[in-house]
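Only a predicted model underlies this, so the values are computations on that prediction, with no experimental measurement involved.
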Amino acid sequence: MATDRASPQNAADTGSGTVKALGLTSATTIVMGIMIGSGIFVVSPEIAREVGSPGLLMLVWVITGIMTLMGALCYGELAAAMPQAGGQYVYLREALGSLWGFLFGWTLFLVIQTGTIAAVCVAFAKYLGVLYPHAISDAPFMHIFGLGINPEELVAIAVILFLTWLNTRGVKSGALVQNVFTFAKIIALAGLILLGLVIARNVSVIEANFAHFWHDFFSGFWGHGLYNLTGAANGKLVSTATIVAVFAALVGSLFSSDSWNNVTYTAGEIKNPRRNLPLSLAIGTITVTVLYLLANLAYLCVLHFNEIAHAPEDRVASAMLGALYGHTGAVLIAAAILISTFGCTNGLILAGPRVFQAMAKDGLFFRKAATLNARHVPATALWIQGIWACGLCLSGTYTDLLNYVMFTEFIFYILTISSLFVLRRKQPHLERPYKVIAYPWLPAIYILLAAFFAAVVLWVFPRYSGSGLILVLIGVPVFYIWRRRNKPPESNAPASAKVS
């Protein structure tokens, strides 16, 4: 495995001034560290309520893992062919034009990256409140300009500001924090899995959960499900409704497995990116998928399915350890989630500004965001991101914004993976050190699955998905206004930026 020590010949990216300080280890910990937040500890109860059986609960996580890995393999080709800072923004810009790249970056800044940072930091503060319940709560204790501010929000803001400052100290500082906290959270999650599968497994619970694992799913599916498109009850199971329920339940699990693509934003600072980017995407997503599946099996080996579905405040991991060790178990899980969310936040803060830096170079973001500080990192972009994320913490609307954008984010995944087909046609001679396996079938299948998921979300959650779509569309006039006012010098503008 590659080390993270920069050698003289690759220490700096002469084209951008960035330092190539991230090896395969750091790139992989970025993938894994951002993917593993608080979701795996709290999402499964909601999924269990939506699908109604242990088998379908596991199926949701299996589909999530397959879709995540397929997406990562597709991004691997794009990342190896275009190892530039900005990642997904660059792929969309080169394949579909600068408008689509801007719309992605616009949504990333307003909601996807900053909203996720705010939500994860508030989750950190909530679990810190488990350890210090008298000091940290969600009850406002002061008001500024009509906004009630509570200790949880102040803790979240403090974490954002501290990690933003830390990442302005150089990419190695951010990578060190990422490596330490990613390995710590993997150890904590592995301990949870070991406890559930081996040490504290409950034989009677296992028999109860696995005796009715599928709830007659297969008999209903093969008996009449494929042909029942009306949704009318017809026997034991209406498979069309079951399939829709499974894909609707993917919202939580896919969000828990999301942000693996953030490593592509840091391509300009990764050593040997044509090799390490595809490898880190594959290794990171496979490892996290396996950990998530084993964690859910661990829950099923300790808690009855109904106990999972109705865990207090959806804290299934706390319910599992609480059932075994009482208050001590709940405290241990709170500590594990603190480690997990802190590392996740650091990865998000580290990666996002690289997109805004690339946009600024194209004249599509604040010009100062394109500059690097003395430590070769986009400090201005880091602070712009951090200040907006702090504002979302105070607004109290970040969770709604995240719901609004889940549909939209998958639209961008579909567009980005469609770029594989566009670029192979437009740029057939582009060097591609890694090519996605099973092309064109694998990217085509991902696009179909993601499109079906997006359609289900649009149907089941029209308010959220429609609002996310409106947010993107607002970016269209903003793009033309911004480009007219901030057009970069002709010599610096990429070819794709000259044509919308």
Side-chain angles (χ1 to χ4, degrees), residues 1-2 9-10 13-16 18 20 22-28 30-31 66-98 100-101 104-105 259-286 351 354-355 357-359 361-362 410 412-451 493-499:
M1 186 169 286
Q9 65 267 31
N10 67 8
D13 179 342
T14 56
S16 65
T18 55
K20 289 189 175 294
L22 305 176
L24 179 59
T25 300
S26 291
T28 304
I30 289 173
V31 175
I66 291 172
M67 289 183 66
T68 301
L69 178 58
M70 291 171 70
L73 292 175
C74 292
Y75 271 58
E77 176 174 323
L78 295 167
M82 292 176 285
Q84 303 169 40
Q88 190 169 347
Y89 164 77
V90 174
Y91 315 150
L92 288 167
R93 184 193 70 193
E94 295 302 312
L96 305 178
S98 54
W100 291 103
F104 167 72
S259 299
W260 47 266
N261 59 324
N262 273 230
V263 72
T264 67
Y265 307 163
T266 66
E269 291 147 301
I270 292 178
K271 294 180 286 185
N272 194 8
R274 296 182 184 276
R275 168 185 176 270
N276 289 339
L277 273 172
L279 271 177
S280 65
L281 283 163
I283 294 170
T285 53
I286 290 172
R354 276 63 184 178
V355 176
Q357 177 195 11
M359 293 174 67
K361 287 182 178 180
D362 292 345
F410 263 79
F412 284 117
Y413 280 143
I414 293 168
L415 288 171
T416 303
I417 291 177
S418 297
S419 298
L420 280 173
F421 299 97
V422 176
L423 288 169
R424 286 209 183 187
R425 178 177 55 83
K426 286 176 61 176
Q427 301 183 34
H429 303 298
L430 179 68
E431 183 183 356
R432 293 176 172 85
Y434 160 79
K435 291 186 177 181
V436 63
I437 60 172
Y439 180 88
W441 301 110
L442 189 142
I445 292 170
Y446 178 89
I447 290 170
L448 289 173
L449 288 172
S496 58
K498 301 172 185 176
V499 180

(request) Starting at CD of Q88, measure out to OG1 of T416 and round the result to the nearest 0.5 Å. (result) 3.5 Å
(message) With rounding to the nearest 0.5 angstrom, report the OG1 to CE distance, T285 to M67.
(response) 13.0 Å
(request) Measure the spacing between CD of Q84 and CZ of R354 and express it to the nearest 0.5 Å. (result) 15.5 Å
(message) How close do A95 and V422 get, counting heavy atoms only, and between which atoms?
(response) O-CG1, 3.4 Å
(message) Return the CZ to CD1 distance between F421 and I447, rounded to the nearest 0.5 Å.
(response) 5.0 Å
(request) Over all heavy atoms of both residues, which pair between L277 and A267 is shortest? Give the atoms and the distance, please. (result) CD1-CB, 3.6 Å
(request) For K435, look at atom NZ and say whether over 12 heavy atoms of other residues, nucleotides or ligands are found less than 6.0 Å away. (result) no
(message) Does the structure place the NZ or CZ of R424 under 6.0 Å from the centre of the six-membered ring of Y439, at an angle of no more than 45° from the ring's axis?
(response) yes
(message) If you compare all heavy atoms of P433 against all heavy atoms of R274, which two are closest, and at what distance to 0.1 Å?
(response) CG-CD, 3.6 Å
(message) When you measure from the side chain of E77 to the backbone of V436, do you find a donor-acceptor pair of N or O atoms at a distance under 3.5 Å?
(response) yes
(request) Could you pull out the closest heavy-atom pair between R93 and D362, with the gap in Å? (result) NH1-OD2, 2.7 Å
(request) Mind checking the OG1-CE spacing from T68 to M70? Nearest 0.5 Å is all I need. (result) 10.5 Å
(request) Please name the pair of heavy atoms, one in A282 and one in L69, separated by the smallest distance, quoted to 0.1 Å. (result) O-CD1, 4.4 Å
(message) Check this for me: W260, atom CH2, are more than 12 non-hydrogen atoms of other residues, nucleotides or ligands nearer than 6.0 Å?
(response) yes
(request) For Y265, enumerate each residue passing the ring-ring contact (aromatic ring centres under 6.0 Å, His included) test, keeping only those at least two apart in sequence or located in another chain. (result) none
(request) Can you label the angle between the Y91 ring and the Y75 ring as parallel, tilted or perpendicular, going by 30° and 60°? (result) perpendicular
(message) Is the shortest side-chain heavy-atom distance between S280 and I30 below 4.5 Å?
(response) no
(request) Please identify each residue that fulfils ring-ring contact (aromatic ring centres under 6.0 Å, His included) with F412, with sequence neighbours left out. (result) F104
(message) Using modelled atom types and a 3.5 Å cut-off, is there a donor and acceptor pairing between side-chain atoms of K271 and backbone atoms of L24?
(response) no
(message) A side-chain contact here means heavy atoms from C-beta on lying under 4.5 Å apart; do S418 and I414 qualify?
(response) yes
(request) Please report the shortest heavy-atom distance between A79 and T264, naming the atom on each side. (result) CB-CG2, 4.3 Å
(message) A side-chain contact here means heavy atoms from C-beta on lying under 4.5 Å apart; do V263 and T266 qualify?
(response) yes
(message) Using a 3.5 Å distance criterion without hydrogens, assess whether the side chain of S419 forms a donor-acceptor pair with backbone atoms of L415.
(response) yes
(request) Calculate, to the nearest 0.5 Å, the distance between atoms CE and CG belonging to M82 and L423 respectively. (result) 5.0 Å
